[in-house]
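In the text below, chain A, chain B and the rest are named by the order of the sequence lines, each starting its count at 1.
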Protein chains: 2
Amino acid sequence: MKPEERRNQLLDCAQMLFFSKGFEDTTMQDILASAGVSKGGFYHHFKSKDELLEGILNRFVEQTQTALRPVLEQEYPTWLDLYHAYFDVLRAQMSDGARARLPLFVMMFQDRNAALQQRMSDAIYIANLEIFAEVLQRGVRSGDLDLPDAEVAAGLALKIGTTHQDWMRKALRSTDLSELVTTGQKIDISLQLQGIAIDRMLGLPDGNTCIRADGFADDITAGIKDLLFDEDGQLK
Amino acid sequence: MKPEERRNQLLDCAQMLFFSKGFEDTTMQDILASAGVSKGGFYHHFKSKDELLEGILNRFVEQTQTALRPVLEQEYPTWLDLYHAYFDVLRAQMSDGARARLPLFVMMFQDRNAALQQRMSDAIYIANLEIFAEVLQRGVRSGDLDLPDAEVAAGLALKIGTTHQDWMRKALRSTDLSELVTTGQKIDISLQLQGIAIDRMLGLPDGNTCIRADGFADDITAGIKDLLFDEDGQLK
DNA sequence: TTTTGCAAACCGACCGCCGGTCTTTAAATA
DNA sequence: TATTTAAAGACCGGCGGTCGGTTTGCAAAA
């Protein structure tokens, strides 16, 4: 098997296991069995279990960056068009990623995956920060924005854009259907409020920043329902 | 030794070790040696290493809650006075906690403590959410606020109030003094911007929400400098 | 075309150490 | 003295990781 191929296979297997069982609870044996490779074979390609996680994280970071970088390289009539283009791509990324592998995506937010999810968020945060800071920097230069520090503002905006995850985690802790529905609505409200918060923080008129993709909250809620409840609406 | 006493001693020892070495890298042996107790002795008081961490977290949560709860129980001329009172206490808490044991506080933000720090943040977030949501709820009832959902808004505000931590982490990764100074300034700017962001998100006039305690950023920066650099300004 | 040389890929027994258990002992309390 | 509580420490299974040895693939030599 070619090195590249083997590496990717190991990353794929580990990713699935980490997301479903959690990083700590996935043993090397699990990964080796799943990939059909021996310990020696594995440690030929990766230095440690942690480096494996690092590799998984890097794939996501690269994916995010290759999606977002082109936004910076196009020409736009006004700075606001650049700004909107950035969020269009971001929204598409979020929506696609979630919809494509919903069960896996949902599982990632379980409590047992807290550490893993945190490292993932951090990685993606850093991947985004550079690019979004540049977007804001251009806004400052063009006079469309007035900020004490574009990088700090960018970091703040990105953090704001993650707050719906707290409600997703809460939704995953639901003990009955009505609680899930209530929390699901909060996911949606959170996404709306995030847009408003970023607008106001940057000093833009309400409605410029849109993070809320249509049906996103509903899809997530449905995914969580499938994970937690059976057909009768009983907790699994 | 009395049970309560022993428990607290174990919590104290473990807390110091977890913060300085990280949770994963602190072994039971370390804790037992530091507390001068045997395995059997320890496991008589705690069910597991994780329950020990839980205990440490709970102490912080209780500390936060006992500081903040009284704010809700007082009478105020206007809702805004309650709002200001809340942040006065929050600011005092943050400042005191940091100043009292600066080196330990700073260490907590090292990369190796990411998981620990995350659990701590989560615990304190949840402890605060309930109380701050009630503060906002009262604002909505009194007509001083107009929000789609007080709880979601409270969560968002609390998340905004943690964004300076990202810059603290970045500061801890400084490789030279000038980088540390630059990042230290970002901590301060971040604290200012946080206040503005929360104000605007809630629809209050700028300047109502103040998270930035005088000298906080400078203290932190000094603490990090002591941790990372020797007297000549060289990286340790 | 066949042989040879050799590095890359792979194997799996083995290691040290970790968190946690269990049986035993000592001290306190009644 | 009888009973409960606190503490001790040898011990355990299983974890992540190592290491010496084997196989494989392929280019160069014969």
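For A:E231, the side chain to side chain contact (heavy atoms under 4.5 Å, CB included) criterion is met by no residue, not counting sequence neighbours. In this structure B:F42 satisfies the ring pair (Phe, Tyr, Trp, His ring centres under 6.0 Å) test together with B:F46, sequence neighbours excluded. A:V135 pairs by the side chain to side chain contact (heavy atoms under 4.5 Å, CB included) definition with A:L72, A:W79, A:L82, A:Y83, A:Y86, A:F132, not counting sequence neighbours.
The interatomic distance linking B:E24 (CD) with C:dC17 (P) rounds to 18 Å, in whole Å. B:L32 places its CG atom 16 Å from the P atom of C:dC17, with the value rounded to the nearest Å.
Under 3.5 Å, the side chains of A:Q117 and A:S121 contain a donor-acceptor pair of N or O atoms. In the model, A:Q15 has a side-chain atom that pairs as donor or acceptor with a side-chain atom of A:R59 under 3.5 Å.
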Under-3.5 Å N/O pairs linking protein and nucleotides 7-9 of chain C:
from  : atom 1 : to    : atom 2 : distance (Å)
C:dA9 : OP2    : A:H44 : NE2    : 2.9

Show the distances under 3.5 angstrom between N or O atoms of the protein and N or O atoms of nucleotides 20-26 of chain C.
from   : atom 1 : to    : atom 2 : distance (Å)
C:dG20 : OP2    : B:Y43 : OH     : 3.0
C:dG20 : OP2    : B:K49 : N      : 2.8
C:dG20 : N7     : B:K39 : NZ     : 3.1
C:dG20 : O6     : B:K39 : NZ     : 2.6

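B:T175 places a side-chain heavy atom less than 4.5 Å from the side chain of B:E179.
Remark: A:K236 is not positioned above the aromatic ring of A:F229, lacking an NZ or CZ atom under 6.0 angstrom from the ring centre and at most 45 degrees off the axis. A cation-pi geometry, defined here as NZ or CZ lying under 6.0 Å from the six-membered ring centre and within 45° of its normal, holds between B:K49 and B:F23.
Under the 3.5 Å distance criterion, the side-chain polar atoms of A:D232 are left unmatched by any main-chain donor or acceptor of A:Q234.
A salt bridge links A:D88 to A:R91: at least one charged side-chain nitrogen sits closer than 4.0 Å to a carboxylate oxygen.
Here the range on DNA chain D touched by chain A, meaning any atom under 4.0 Å from one of its heavy atoms, is D:dC15 to D:dT18.
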